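Here's the structure, in structure tokens; my notes come after.
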Amino acid sequence: MSGESGLQPYPPPRELDYSSLTDQQVVLLAREGRERAFRELIGRYQRPVFSLIYRLVRDREKAEDLAQDTFIKVLNAIDRYDPQYKFSSWIFKIAHNTGLDHLRRREPETLSLDGSPHARTAAEVEATTITPASHDETPEQYAQNRELGTEIESAIGTLRAEYRTAILLCHVEGRPYEEIADIMDVPLGTVKTYIHRGRKELMQRLEHLRI
Amino acid sequence: MENQGIMSETYHPTADRLEALVEGSLRTEDRVVLESHLLTCPACQTQVEEWRALFSALSGLPQFEPSLGFSERVMVRVRISPRAAWQQAWQQWAHQTAALVGRIAPKTNRGWSVAAALLALPLILGGSAVAWLVSKSYITPGTLLGYTRDSLVEGIQGVGSTAVTAVMQTDIAAWIVTNAAGFISTAGMSGLGAMIGGAGIATMLSIWVLYRNLFRSPSRESDYALFSL
């Protein structure tokens, strides 16, 4: 089923190329009980959802738990999802709310590429270390970017949660302002204010790293 | 001057305007003015480069990978319950119908106004015809209603709907016709016009309620799911 092209029957599961389907099409397949469709949705959104929550809560282990909760909540309610809305907006909305709920219950830790400063054992260091998906820089570039990355990640970590979410959804996920407003459930003008103030604070905090 | 608002007193653009320039959200005329200023102002050029560096750094932030087995840990707790064949067929029919209605329904307020006017047209024409007939001296509201009722009964009998015919021949139906005739006799043409006008307004209100609930764009506060999570 597709909101754009009308209804057409789907070929048998093993003939489908899930990667070529839209989110709405995959959701409708998931509603039919196709496990492959569920896994496709997880595959598409595990990194962006985990990244958003990780940068919100600043704790890898907790971020994984919260990201899992987000997916479980979304996928168990897939029958109630309204296909006229973007699936990405729905899942980001739930991820944002899940992260915010956690922040209201605890104080976040400092994020570091070298692991949490509060880690006491090698296992804890590894558990609290950011693992970027990939980086292809030369050793010199890696060192510079690692430092800049750490600085900017730390600067992002000092922002208010709302500013952080808006900045991440805008710059990292590339969402338009209108969709961010839907995700955060605030007016469009508020989103623009969050992003503008977030950027200004980042500029001030990164002043010593003029490029 | 039209573009004075983007500059401070010393004719340097504000930091907000430089940010908007890098973001690409300035109007064309403002952007042209700013860019011409940048050609001769190293200080503002530096600020723009700093904004560009920040934007670039933010856009270059990596997406992090959860640990191995994340997908499996999620799937263990997901309930997969395939729908029954009849549920899928029903869902498919509902979507087909909604898609069809969406295609033929008007897309603009003007279109809806035209559709409502077209639907109200039979009422207006019918009311005008009744008013014209009643204006004839040899036609009274009573005889008109009686003729209408008899014609209606004959027509319904003609298509074989004996049940509806029986209803029309009941005391209740006769009561309605009698009282309607009495009302028109009492209220006259103005009363008849008011009845027709009221029916027309009710029809248009019904169409408006239907439009708002079926085709109106959802508000930002609406849940994405049909029920809250």
Side-chain angles (χ1 to χ4, degrees), chain A residues 1 3 6-7 30-35 38-39 42-43 46-48 50-51 54 60 63-64 67-68 71-77 79-82 84-85 89-90 93-94 130-135 148-149 152-153 156 167-168 171-172 174 181-182 185 187 196 199-200 202-203 206 210-211, chain B residues 15-16 19-20 22-23 25 46-47 49-67 69-84 87-88 91-96 98-100 102-103 217-229:
Chain A
M1 292 181 184
L7 296 170
R31 284 180 169 181
E32 294 176 12
R34 301 195 189 191
E35 183 179 326
F38 283 90
R39 292 182 180 277
I42 296 172
Q46 65 176 13
R47 285 169 60 184
F50 174 72
S51 299
Y54 192 10
R60 171 173 266 275
E64 284 216 17
Q68 283 181 38
F71 276 100
I72 289 161
K73 199 181 294 187
V74 166
L75 297 180
N76 282 337
D79 277 348
R80 286 175 285 164
Y81 164 67
D82 190 347
Q84 69 173 307
Y85 300 98
S89 301
W90 189 40
K93 185 185 187 82
I94 294 168
I130 302 171
T131 306
S134 66
H135 44 83
L148 186 62
I152 196 164
E153 295 283 6
I156 290 171
I167 290 275
L168 293 171
H171 286 280
V172 181
D182 282 339
D185 202 17
H196 172 65
R199 287 175 186 156
K200 280 188 76 171
L202 288 175
M203 280 289 273
L206 297 171
R210 293 294 189 219
I211 300 173
Chain B
D16 291 355
E19 178 195 356
V22 174
E23 185 185 47
S25 59
T46 301
Q47 283 192 55
E49 288 309 312
E50 287 167 0
W51 277 115
R52 287 203 173 112
L54 175 65
F55 275 61
S56 177
L58 288 173
S59 299
L61 287 173
Q63 285 188 341
F64 301 118
E65 194 79 45
S67 60
F70 177 85
S71 181
E72 291 305 321
R73 291 193 292 277
V74 171
M75 289 303 296
V76 162
R77 294 165 63 186
V78 169
R79 295 185 303 270
I80 301 176
S81 51
R83 289 179 161 181
Q87 287 177 308
Q88 295 183 36
Q91 185 76 12
Q92 189 163 357
W93 177 85
H95 276 284
Q96 274 180 325
L100 176 64
R103 278 196 293 271
S217 297
S219 67
R220 191 184 304 117
E221 291 76 25
S222 300
D223 286 336
Y224 287 79
L226 297 177
F227 303 98
S228 299
L229 294 181

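What's counted below: heavy atoms across the whole structure, side chains too, no hydrogens, waters or symmetry copies. Convention: sequence-line order gives letters A, B, ...; per-chain numbering from 1. All values derive from a computational prediction rather than experimental measurement.
Between chain B and the residues A:I156, A:I42, A:N76, the most heavy-atom pairs under 4.5 angstrom are made by A:N76.
Considering all non-hydrogen atoms of both residues, B:Q63 and A:P48 come closest at NE2-CB, 3.7 Å. Contact record, B:P62 with A:E153: CD-OE2, 4.3 Å, taken as the closest heavy-atom pair. For the pair B:L54 and A:R199, the tightest heavy-atom approach, listed with the atom from each and the gap, is CD2-O, 3.7 Å. Between A:R60 and B:E65, the closest heavy-atom pair is NH2-O, 3.1 Å.
From B:E23, atom CD reaches atom NE2 of A:H196 across 10.0 Å, with rounding to the nearest 0.5 Å. Note that CE of B:M75 is 7.5 Å distant from CG of A:L75, once rounded to the nearest 0.5 Å.
Annotation: side chain of A:L202 is in contact with side chain of B:L58 (closest heavy-atom distance under 4.5 Å). Inter-residue side-chain proximity for A:R34 and B:I80 is flagged as unmet; no heavy-atom pair is nearer than 4.5 Å. For the pair A:M203 and B:Q47, the minimum side-chain heavy-atom distance is 4.5 Å or more.
Side-chain contact annotation: B:S67 with A:E64, donor-acceptor N/O pair under 3.5 Å present.
Contacts of A:F38 classified as ring pair (Phe, Tyr, Trp, His ring centres under 6.0 Å), with partners at least two apart in sequence or in another chain: none.
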List the steps and the verdict of side-chain contact (heavy atoms from CB on, under 4.5 Å) for B:E72 and A:R39. CA-CA 9 Å; B:E72 291 305 321; A:R39 292 182 180 277; 2.7 Å; yes
Run the side-chain contact (heavy atoms from CB on, under 4.5 Å) test on B:D16 and A:K200 for me, step by step, so that the C-alpha distance in whole Å, both residues' side-chain angles and the decisive distance to 0.1 Å come before the verdict. CA-CA 9 Å; B:D16 291 355; A:K200 280 188 76 171; 4.2 Å; yes
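Between A:F50 and B:F64, the gap from one ring centroid to the other reaches at least 6.0 Å.
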